[in-house]
Amino acid sequence: MSGLDLGAFRATPLTREPFDFLVVPEFIQAPARPAIHRDFPRIDSPGSFPVDTLTFGPGFRTLLEELRGPAFRDACEDKFGIDLSGRSTMITVRGRCGTRDGNIHTDSLSKIITVLIYLNPHWEQPGGRLRLLRSPHDIEDVILEVPPTEGTLVAFRRSDKSFHGHKLFIGPRRVIQFNWVTDQGFHRREILRHRVSAWLKQTLARFRRSA
């Protein structure tokens with residue numbers, strides 16, 4: 001049985017203004033979540049980490065395989081009206097938020113589709129809630145606010161108007177970011193950049209624990 005509710009994804013209308021997006025609560029189905037939580041990689045530092053630099057268990061690996069699989073790609077192609085065949089994918093994982101996270105941005109030009117999947121059992125904090133925005137400068141100019149609760153999917157087509165961010169939150173906040181990207185070269189460069197950044201963050205975290 002699939003852990004992804006592709007039926008709910010296909011049934012959710014695509015919002016087209018000011019950019020293409022959809023939100024699907026419970027996209028990760030409840031029976032799959034305990035194994036994903038159990039096998040989620042341990043991440044002690046803020047920032048995004050390439051999934052192939054992390055250690056995780058089989059429940060989390062099964063989720064990644066489904067996201068990379070043809071059924072999810074086909075559903076995204078139909079939803080956004082775009083051909084993703086032959087496009088490279090990139091997955092990064094966050095486990096914590098820090099003071100530098102949440103700034104308003106649109107994602108880089110080389111990202112085609114961004115998929116965010118949240119894996120937090122509950123969320124009562126005012127910060128850390130994803131905001132889809134109309135403005136590059138005003139975090140209060142909100143189209144929609146999405147609590148990062150477990151199983152929730154947010155997907156959007158990257159554009160010059162795909163502004164998003166969140167208010168300050170410091171602490172645990174689990175999210176998977178899955179992207180289709182324009183070329184393999186971008187994928188390699190991003191993975192290298194993330195690896196260097198991840199190594200620096202992990203080294204700093206170990207230094208702080210030993211100080």
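In this structure, the separation between CG on Leu63 and OG on Ser2 is 9.5 Å, given to the nearest 0.5 Å. Residue Glu145 holds its CD atom at 8.0 Å from NZ of Lys167, rounded to the nearest 0.5 Å. Distance CG/Leu116 to CG/Leu130: 6.5 Å, rounded to 0.5 Å. Rounding to the nearest 0.5 angstrom, the gap separating the OG1 atom in Thr149 from the NE2 atom in His122 is 11.0 Å. Rounding to the nearest 0.5 Å gives a distance of 13.0 Å between CG of Asn179 and CZ of Arg87. In this structure, Arg129 CZ and Tyr118 OH are separated by 12.0 Å, a value rounded to the nearest 0.5 Å.
Applying the side chain to side chain contact (heavy atoms under 4.5 Å, CB included) criterion to Asp78, with sequence neighbours excluded, gives Arg10. Here Thr12 pairs with Leu22, Val24 under the side chain to side chain contact (heavy atoms under 4.5 Å, CB included) rule; sequence neighbours left out. Considering only residues two or more places apart in sequence or on other chains, Glu150 meets the salt bridge (charged side-chain N to carboxylate O under 4.0 Å, His left out) condition with Arg33.
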(request) Please report the C-alpha distance between Asp5 and Glu26 in whole Å, then the side-chain angles of each, then the deciding distance to 0.1 Å, and finally whether the side chain to side chain contact (heavy atoms under 4.5 Å, CB included) criterion is met. (result) CA-CA 8 Å; Asp5 192 344; Glu26 308 286 328; 5.8 Å; no
(request) Carefully, step by step, assess Asp138 and Ile104 under the rule side chain to side chain contact (heavy atoms under 4.5 Å, CB included). (result) CA-CA 8 Å; Asp138 187 359; Ile104 299 172; 5.8 Å; no
(request) Starting from the C-alpha separation in whole Å, work towards a yes-or-no answer on side chain to side chain contact (heavy atoms under 4.5 Å, CB included) for Arg157 and Phe19. (result) CA-CA 7 Å; Arg157 187 198 298 256; Phe19 58 92; over 6 Å; no
(message) Does Thr106 form a side chain to side chain donor-acceptor pair (under 3.5 Å) with Arg158? I'd like the steps, not just the answer.
(response) CA-CA 7 Å; Thr106 60; Arg158 189 271 164 203; 3.2 Å; yes
(message) Run the salt bridge (charged side-chain N to carboxylate O under 4.0 Å, His left out) test on Arg94 and Asp101 for me, step by step, so that the C-alpha distance in whole Å, both residues' side-chain angles and the decisive distance to 0.1 Å come before the verdict.
(response) CA-CA 11 Å; Arg94 288 177 177 265; Asp101 295 320; 2.9 Å; yes
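By the 4.5 Å heavy-atom criterion applied to side chains, Arg68 and Ile91 are counted as neighbours. Side-chain contact between Leu4 and Leu67: present, with at least one pair of heavy atoms (C-beta onward) separated by less than 4.5 Å. Within the 4.5 Å cutoff, side-chain heavy atoms of His37 are placed close to those of Leu119. With a 4.5 Å cut-off on side-chain heavy atoms, Pro148 and His166 do not count as touching.
Aromatic pair Trp180/Phe80: ring centres not closer than 6.0 Å.
Side-chain atoms of Gln177 never come within 3.5 Å of backbone atoms of Thr92 as a donor-acceptor pair (strictly under, hydrogens ignored). Within the 3.5 Å criterion, the main-chain N or O of Gly3 finds a donor-acceptor partner in the side chain of Glu66.
The cluster map of Ile, Leu, Val, Met, Phe, Trp and Tyr, joined by side-chain heavy atoms under 4.5 Å apart, puts Phe60 and Leu153 in the same cluster. Both Ile36 and Phe9 sit in one connected hydrophobic cluster of ILVMFWY residues. Membership requires side-chain heavy atoms under 4.5 Å apart, directly or through other members. Residues Val175 and Val115 do not share a hydrophobic cluster, defined by chaining ILVMFWY side chains whose heavy atoms lie under 4.5 Å apart. Note on Ile117 and Ile112: same hydrophobic cluster, where clusters join Ile, Leu, Val, Met, Phe, Trp and Tyr whose side-chain heavy atoms are under 4.5 Å apart, directly or indirectly. When hydrophobic clusters are built by joining Ile, Leu, Val, Met, Phe, Trp and Tyr residues whose side-chain heavy atoms come closer than 4.5 Å, directly or via intermediates, Phe163 is not grouped with Phe21.
A pairwise comparison of heavy atoms in Leu133 and Pro18 identifies O-CG, 4.5 Å as the closest pair. For Pro172 against Asn120, the heavy-atom pair with the smallest separation is O-OD1, 4.4 Å. Scanning both residues, Val93 and Pro41, for their nearest heavy atoms gives CG1-CG, 4.2 Å. Of all heavy-atom pairs between Pro31 and Pro34, the closest is O-CD, 3.6 Å. Nearest heavy atoms, Arg134 versus Val142: NH1-O, 2.8 Å. Nearest heavy atom pair, residue Trp123 against residue Gly128, reads CZ2-CA, 4.1 Å.
The aromatic rings of His164 and His105 sit tilted relative to each other, their planes meeting at an angle between 30° and 60°. Aromatic ring orientation, Phe72 versus Phe27: tilted (interplanar angle from 30° to 60°).
Salt-bridge annotation for Lys161 and Glu17: absent, with no side-chain N of the basic residue lying under 4.0 Å from a carboxylate O of the acidic one.
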